[in-house]
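The next block holds one structure in the form of structure tokens; read it before the comments.
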Amino acid sequence: MIKFFQHPHLLVIVLLLGLRTTCEQSIGTKDGIRCLEKEREALLRFKDELIDDYGQLSSWGNQKDKEECCKWSGVLCDNLTNHIIQLDLHGASAPLGGNISVWLLEIQHLKYLDLSLNSFNHRRIPQFIGSLGKLQYLDLSDSWFSGEIPHHLGNLSELQFLGLSAYAGMLTSTNLDWLSRLHSLRYLRLSSVNLTMATNWLQTINKLIQLEVLYLSDCHLPTVLPPSPSTFNASNSLYKLDLFGNDLSSSCVFPWLFNFSSGLSYIELGSNKLQGPIPDDIGNLLSLSYLSLSQNQLEGEIPMALGNRSSLSYLDLTNNQLTGTVPDLVLSFSLKNLYLDHNMFNGTVTQSIGSLYKLECLGLHSNHFDDIITESHFFNLSQLRILDLSYNPGISFDFSLGWNPPFQLTEVLLRGCKVGPHFPTWLRTQTRLYELDISNAGILDTFPDWLWELSSNLDDLNVSHNNFHGVLHDFSSKFSTNFRTIDLSFNHFSGSLPILPPNASLLDLSSNKFAGPITNLCNETNSSWSYLDLSNNLLSGQLPDCFANLSNLRFLKLAHNNFSGNIHSLNIRFSLHLQNNSFTGEIPTSLRNCTSLAFIDLSRNKLTGKIPTWMGNTFTSLVFLSLRSNEFFGSIPSNLCHLSHLQVLDFSLNKISGAIPKCLNNLTAMIEVDNESYVSSFSSGLQSYESASVIWKSNEREYINTLRLMRLIDLSSNNLVGDIPAEITSLVTLVGLNLSRNNLSGILPASIEQLRSLDFLDLSRNNFSGGIPAGVSQLDQLGVLDLSYNNLSGKIPQNIHLQTLGASAFEGNPDLCGLPLNKTCPGDEIAQDPKIIGNASGMKDPKEEEDKLISDGFYISMVVGFVFGFWGVCGTLVFNNLWRIAFFKLWNSSMDWLYVKIAISKIRLKEAFHKFMNSLRSRFFVSENVPKQEK
DNA sequence: CATGGTTGGG
């Protein structure tokens, strides 16, 4: 009662309602109107507090012609009593907002209430909904409610259907006791409700003995031990169970699962932490038609008990560590979908698959199957639509030249299989294709012209990493209007650049032998193009004017060609790579409009002029800026210090003069561990296309994954004067600093010891004087130090790490003394300990030199970055083929690099880390070419 | 029965 008085408006409403009820005959129609006046009144008041931007409730009103509320949209009245029994106000196409008024309580006979897919702006679910005691159906899913689910819903004892799924854990329930009172519940959906604290979830579910359908995906369910069989009282009616994405273990899930009688027909357990073998008991689930155990850590073979059951039509075991052959017995004739991708299966699976005459989708991607596939394998598979045999290096094909397959495929994915040497002619019969990937498939052939006109639905075409040669003819009039991606990269295509589909978004023609000008790019208005990579070809001439019209272009990569002339009229959103061409003139002012650029590489051209001051104010998201090896002059504008996301600044090999700006400490990305701008580009997926070449310790290398950890300032080989501003030493995450080959002078700042992440420090060939600050010996991540050819004096700090860097780091400073130089300081004894000093002559053995390419410190920090970065992006990649492939490529290249690194590393960390990396690698990308681990 | 959204339906 006290609570009641805290809400005086409730009192008023109840009094009003009471008055009406007594004054009114509830049954009987007036002028053929069935609608009960008090219910109409309540609905109008209910509507008053809603926001109906889309006019979903425009039929609700108090005008004379709208009197019949039983005809209002979403309203259903009972045929006999005329009471409103159903309100279907789901907002799939026209979401409602605002507030859910307590006037709803006046619709006391309501059995069905659907408010799903609306937009209630983080409001709480009203407690009073628990007072609509006649409700049998309640759906509040995905309506932007947030907070704790009110336990009052537990009063709805007639409820059979309850949908409360939420967006990304906006709703929580810390204790599910309220749920156990809903004895009539047949359907329950709490997907994405945060149930971290609901340790009683399993007990609660077990009390719902009428339950038929249960969705608990992405709920953060805590792992609990299943109840002991004596207390177990599970529903016999459950037939559909979805526990996707909960990190549940085998010991939690399986014992529980197998206590249900044989009625379960749909089991989704993907993305959990199921480990060990698939239990034989799975064979007791006699009604099983859908089983997904994907994305777990299951090992061992497919149990025979799963074998040949007439009901199974969908089996997904992808992304586990399953081994062995796939026995014929397991392959049920009723299977329509069979996904075994990313496991370690071997043997010949394909013969038995040939009898699965209902098969529509077959995924065997990334296994170790060994087989020669012939026409007879496919004889019965007339329903097949999707065929993915990618990354089974042991699979090859033997089809007769005129083979006419019994199926019409929509997806053909044969990446990394032995398809070649000739282009598979049977594809010519497949006229419904929308995705074709025959990349890296050993094809040595010319490109078949008919492919361009094969299917009007072709979306994605990837023939990269083969040996295609010859000229591509102009088939622009035959292009599929659906083209999204075309990847012809890493082949030997020659001749002039073909006319490209105007509606595609990703076009990669890089690493071929296309030659000559690219003026025919401008034949169309290519406003859909988002990614254009023509790098590593023999293209030349000036850039055509049309680039400014490519209004959606995020990536433009023209690097490593022979383009010349001025760069003009560009309109790029994210990444611009023009390095290694012969561009002349100044940085174009049109770049001022490209304010969202994150990567600019103009290195190795013949560009000139002053570095524009507007750059610092324009590119607020810039991460990478290289003007290396051009003919820029003038001083470094201090405006550049506004580039707070900048990680790589490379102005080396120019004619830049003046002093180093003191404000460099404003480059905050070089202070912070994680760069917001970079991380956001990473999570948007853009990053998976990005790479950048960095000169790292005299070697050019392509940084892809690890780029996000790189922090580099390279101003070497210019005409800079003055001293090193102490401000630069506040860039504490800086990994590389190269100021060599300038005319810098003064003493080295003592605060240099703050640069604890520094792996590479080159100050050689300047006029620095004074002593080497003792703090340099604190830089224990340093892999390369070069202070040679200055006027430094005094004693080299005696520190084991510094001395192992070699004498060459200090030579050319006549007044320096002490180890590792051969020159003893005045008054010092010669006290060499060969074990510590090693080769004091300054000569390093080549192996050691290689080791320092990337020092241990950078390598460790990469691991840290990897752990954080990888997981964030992996989930989105797994399901998007394009990104997945791109990422996979990057992954492999970075892994190769790591293995090289590890092989030559002398650190103890090696073993532990190696295990860790291997477990990751085998879990997610069980793939070929895993280098042997060193003992 | 109840799978669509400003997000996955694996």
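Chain A is the first sequence line, chain B the second, and so forth, proteins listed ahead of strands; every chain is numbered from 1. Note that the structure is predicted; figures quoted are calculated from it, not measured.
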Identify each donor-acceptor pair in which a side-chain atom of residues 126-136 of chain A lies under 3.5 Å from a protein atom, sequence neighbours left out, and give them as a table.
residue, atom, partner, partner atom, Å
A:Gln127, OE1, A:His152, NE2, 3.4

Exercise. Roughly, in whole Å, what's the span from CG in A:Leu214 to P in B:dC1?
Worked result: 13 Å
Exercise. Taking the side chain of A:Ser191 as its heavy atoms from C-beta onward, which of B:dA2, B:dG8, B:dG4 lies nearest to it?
Worked result: B:dG8
Problem set entry | Atom C1', compared across B:dG8 and B:dT3: separation rounded to whole Å | 10 Å
Seminar exercise, completed: Result for 5'-nearest mapping on DNA chain B, choosing between A:Tyr239 and A:Arg189, is A:Tyr239
For this session: Tell me which nucleotide among B:dA2, B:dG10, B:dT6 gets nearest to the side chain of A:Tyr137.
Result: B:dA2
Problem set entry | Heavy-atom donor-acceptor pair, A:Asp242 side-chain to B:dG10 base, under 3.5 Å | yes
Problem set entry | Pairwise C1' distance for B:dG4 and B:dG10, with rounding to whole Å | 16 Å
Exercise. Going by ring centres under 5.5 Å and near-parallel planes (under 30°), is A:Phe244 stacked on B:dG8?
Worked result: no
Exercise. Can you check whether A:Tyr215 has a side-chain N or O nearer than 4.0 Å to OP1 or OP2 of B:dG8?
Worked result: no
For this session: Using the six-membered ring wherever Trp is involved, compare the ring planes of A:Tyr314 and A:Tyr290 and label them parallel, tilted or perpendicular (cut-offs 30° and 60°).
Result: parallel
Problem set entry | Nucleotide nearest A:Pro95 when distance is taken to its side chain, options B:dG4, B:dG10, B:dT6 | B:dT6
Exercise. Given B:dC1, is OP1 or OP2 found less than 4.0 Å from the side-chain N or O atoms of A:Arg186?
Worked result: yes
Exercise. Are side-chain N/O atoms of A:Arg186 and A:Gln160 paired as donor and acceptor at under 3.5 Å?
Worked result: yes
Exercise. Can you name the residues that form a side-chain contact (heavy atoms from CB on, under 4.5 Å) with A:Ser271, not counting sequence neighbours?
Worked result: A:Phe244, A:Gln295
Exercise. Distance only, no hydrogens: is a donor on one side chain within 3.5 Å (strictly under) of an acceptor on the other, for A:Glu39 and A:His83?
Worked result: yes
Exercise. Where along residues 142-157 of chain A does a heavy atom fall under 4.0 Å from DNA chain B?
Worked result: A:Asp142, A:Trp144
For this session: Can you tell me the distance, in whole Å, between the CD atom of A:Glu212 and the P atom of B:dA2?
Result: 10 Å
For this session: For A:Glu268 and B:dT3, give me the distance from atom CD to atom P, rounded to whole Å.
Result: 15 Å
Exercise. Does any donor-acceptor pair link the side chain of A:Ser192 with the base of B:dG8 at a separation under 3.5 Å?
Worked result: yes
Exercise. Just checking, is any N or O donor in the side chain of A:Tyr531 or A:Arg554 under 3.5 Å from an acceptor N or O on the other one?
Worked result: no
Exercise. Would one find a side-chain N or O of A:Tyr187 under 4.0 angstrom from OP1 or OP2 of B:dT3?
Worked result: yes
Exercise. Roughly how far apart, to the nearest Å, are B:dT7 and B:dA2 at atom P?
Worked result: 23 Å
Seminar exercise, completed: In short, A:Asp280 meets A:Pro303 closest at the heavy-atom pair OD1-CB, 3.2 Å
